[in-house]
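Data block below; observations after.
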Amino acid sequence: MPSAKPEVKLNFSTDWSYAPAPESVKPEIKPRYDLFINGKFTPPVKGKYFDTINPATEKKLSEVAAASAEDVDLAVKAARKAYNTVWGKMPAGERSKYIYRIARVLQERARDFAVVETMDGGKSIRESRDVDVPLAAAHFFYYAGWADKLQYAFPGKMPTSLGVAGQVIPWNFPLLMAAWKIAPALACGNTVVLKPAETTPLTALKLAELIQDCDLPPGVVNIVTGAGETGSAIVNHPDINKIAFTGSTGVGKAIQKALASTDKKYTLELGGKAANIIFDDAPIDQAVEGIVNGIFFNQGHVCCAGSRLFVQESVYDTVIRKLKDRMKTLIVGDPLDKNTDIGAINSKMQLDKINHYLKIGAEEGGEVFTTNGDLPSKGYFCNPTLFLGCSQSHRVVQEEIFGPVLAVQTFRTVEEAIEKANNTPFGLSGGVWTDKGSKIFKVTSRLRAGVIWANTYNKFDPTSPFGGYKESGVGREGGLHGLSAYLNVN
Ligand code: NDP
């Protein structure tokens with residue numbers, strides 16, 4: 001009898017290492033940015049500025065203006081004047097030319113935008129280069145096309161613009177969220193006042209420079225930087241007609257309360273805790289890629305992240321073995337290195353929040369698996385982590401962590417998978433992996449979530465609507481549905 005062969009194990013930390021591939025572009029980042037109001041960069045009334053840092057190095061990148069309620073008022077006045085005198089009256093075909101111009105110049109400057117996005121927010125250059133910036137340009141192209149066809153989007157109706165839109169966006173996709181909000185608003189004939197998140201203001205300010213270079217009439221787009229109070233001043237300004245907010249469910253609820261007694265239209269795109277469901281007839285290797293993309297894309301800072309994994313019991317061991325092996329190949333580190341899969345956590349505050357949940361998950365009794373790779377000594381980093389053997393009541397299953405942390409559960413039947421997947425206060429997205437089309441239809445039609453992917457995950461397109469049920473928000477953005485959020489359709 002030949003003796004049993006010793007098991008061959010790959011050492012992922014040595015056999016799979018790549019030479020460094022740092023991004024070489026050095027974009028221009030000014031030492032200080034003012035507010036973009038009425039087509040000009042304007043110092044804030046109270047003269048206050050705050051630092052924006054690179055979360056991968058903890059070094060200051062620039063300082064940006066802190067807009068007070070007075071600054072917001074100036075921005076709203078500029079937007080109102082531009083709406084009344086220029087943008088609201090401009091023939092739609094002319095409006096669309098400006099929006100096309102923004103899209104084209106954004107493509108020309110794509111490399112710079114990608115590098116600044118990565119430096120300011122921590123996401124890997126691979127993602128900002130291949131996802132954030134191209135998708136942002138695609139949103140401007142797509143909505144530029146709609147500007148002069150609004151009556152065809154709503155046959156038999158006479159759609160009219162709303163006026164001034166106030167827009168407050170988060171830090172996870174700073175440029176993409178700005179494009180997602182500004183493009184449909186402008187296409188529908190509105191003017192805007194937009195506030196980027198405190199930790200990631202730079203690409204919105206670079207977009208302001210681009211808009212200036214595109215000769216957009218002054219006041220059509222105004223960008224005011226600041227923290228929560230600036231956002232609140234926008235929400236509560238009496239001369240704003242519509243609020244578009246993306247961010248946490250807590251702030252979304254506060255905004256909804258503030259708007260309840262007004263006639264402002266609003267859309268709220270809030271948190272999520274999506275179920276990614278793997279049936280035993282799924283293509284397992286593809287599903288493992290989908291799980292990784294679902295939760296580790298953008299460090300897990302994704303409202304539609306597949307943060308709850310459900311695996312059918314009969315394939316559980318295989319899926320988890322392959323998932324662990326795949327996770328060991330993920331490169332965590334310098335976001336500006338083109339090999340990096342998982343960049344820096346966006347801020348110290350967010351890293352503290354994730355670490356808090358890692359502690360909670362361990363205390364709740366789930367088996368913890370983490371890749372335990374070496375992390376850079378400076379900056380905010382987190383290894384990808386699984387909590388195995390979770391139950392429905394665990395906090396890591398119920399609450400949005402917004403980090404590279406996946407809570408894993410099993411199921412036996414289709415009914416059990418649906419029941420467990422729907423057992424959440426959220427309803428933004430989900431994923432289903434199976435070989436059977438009929439099962440896809442059965443499951444997706446009963447999952448209470450706005451966006452559901454089948455045999456893929458985290459695929460975005462400007463033509464497709466996006467939005468949630470329950471605590472995940474109100475209204476739809478993107479696609480044709482995204483137009484009605486910026487129009488009166490009577
Ligand atoms: P927030 O909801 O606080 O931030 C979103 C945006 O709203 C930011 O521009 C923020 O300003 C602004 N804002 C904050 N308070 C108010 C207010 N009272 N009125 C109007 N605007 C306001 O998210 P955080 O950045 O604090 O993140 C907290 C948690 O929220 C995360 O850990 C994550 O779980 C979740 N989150 C979910 C997102 C999603 O897309 N679903 C996106 C971001 C976060 P600023 O940040 O500049 O102070």
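Just so you know, ligand 1 is whichever comes first in the structure, and atom 1 is the first atom listed for that ligand. Values in this document were obtained by computation on a predicted structure and should not be read as measured data. Count residues from 1 along the sequence.
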Protein heavy atom at shortest distance from atom 39 (C) of ligand 1: Cys303 CB, 3.4 Å
Of Asp51, Val116, Ile53, Leu202, the one forming a side chain to side chain contact (heavy atoms under 4.5 Å, CB included) with Leu61 is Leu202
Give the contacting part of Thr249 toward ligand 1: side chain, backbone, both or neither, where contact means a heavy-atom distance below 4.0 Å. neither
Is the backbone of Val45 close enough, under 3.5 Å, to the side chain of Glu70 for a donor and an acceptor to pair up by distance? no
Between ligand 1 and Glu198, is the shortest N or O to N or O distance under 3.5 Å? yes
Please confirm whether the backbone N or O of Pro465 pairs with a side-chain atom of Glu477, one donor and one acceptor, at under 3.5 Å? no
Answer side chain, backbone, both or neither: which part of Asn172 comes under 4.0 Å from ligand 1, heavy atoms only. side chain
Out of Gly231, Ala258, Ala254, Gly272, who is nearest to atom 21 (N) of ligand 1 when you count heavy atoms only? Gly231
State whether the shortest distance between N or O atoms of Pro170 and N or O atoms of ligand 1 falls below 3.5 angstrom. no
Are any of the N/O atoms on Met349, whether in the backbone or the side chain, positioned under 3.5 angstrom from an N/O atom of ligand 1? no
Between the candidates Val235, Val251, Leu268, which shows the shortest non-hydrogen contact distance to atom 18 (N) of ligand 1? Val251
Nearest-neighbour protein heavy atom for atom 12 (C) of ligand 1, which is reported as residue plus atom name and distance: Val168 CG1, 3.6 Å
Does the N or O separation between Ile169 and ligand 1 drop below 3.5 Å for any pair? yes
Can you list the atoms of ligand 1 that are under 4.0 Å from a heavy atom of Gln350? 31 (C), 32 (O)
Is Thr246 in polar range of ligand 1, meaning some N or O pair under 3.5 Å apart? no
For atom 37 (C) of ligand 1, grab the closest protein heavy atom and report residue, atom and distance to one decimal in Å. Phe402 CZ, 3.5 Å
Do Arg476 and Glu269 pass the salt bridge (charged side-chain N to carboxylate O under 4.0 Å, His left out) test, and can you show the C-alpha distance, the side-chain angles, and the key distance before you say yes or no? CA-CA 8 Å; Arg476 297 290 177 264; Glu269 200 268 278; over 6 Å; no
My understanding is that we take every heavy atom of each candidate and find the minimum distance to atom 29 (C) of ligand 1. Doing that for Lys353, Glu400, Met177, which one comes out nearest? Lys353
Are any of the N or O atoms of Gly228 closer than 3.5 Å to those of ligand 1? yes
Looking only at protein heavy atoms, what sits closest to atom 10 (C) of ligand 1 is Lys195 NZ, 3.9 Å
Numbered in order shown, the ligand 1 atoms found under 4.0 Å of a heavy atom of Gly226 are 47 (O)
Give the numbers and elements of all ligand 1 atoms closer than 4.0 Å to a heavy atom of Gly271. 41 (N)
Between Asp34 and Lys40, does the salt bridge (charged side-chain N to carboxylate O under 4.0 Å, His left out) criterion hold? Intermediate values first, please. CA-CA 9 Å; Asp34 286 320; Lys40 289 198 193 77; over 6 Å; no
Have a look at Phe245, Phe50, Trp171 and point out the one with the heavy atom closest to atom 24 (P) of ligand 1. Trp171
Starting from atom 30 (O) of ligand 1, locate the nearest protein heavy atom and write down its residue, its atom name and how far away it is, to 0.1 Å. Ser248 CB, 2.9 Å
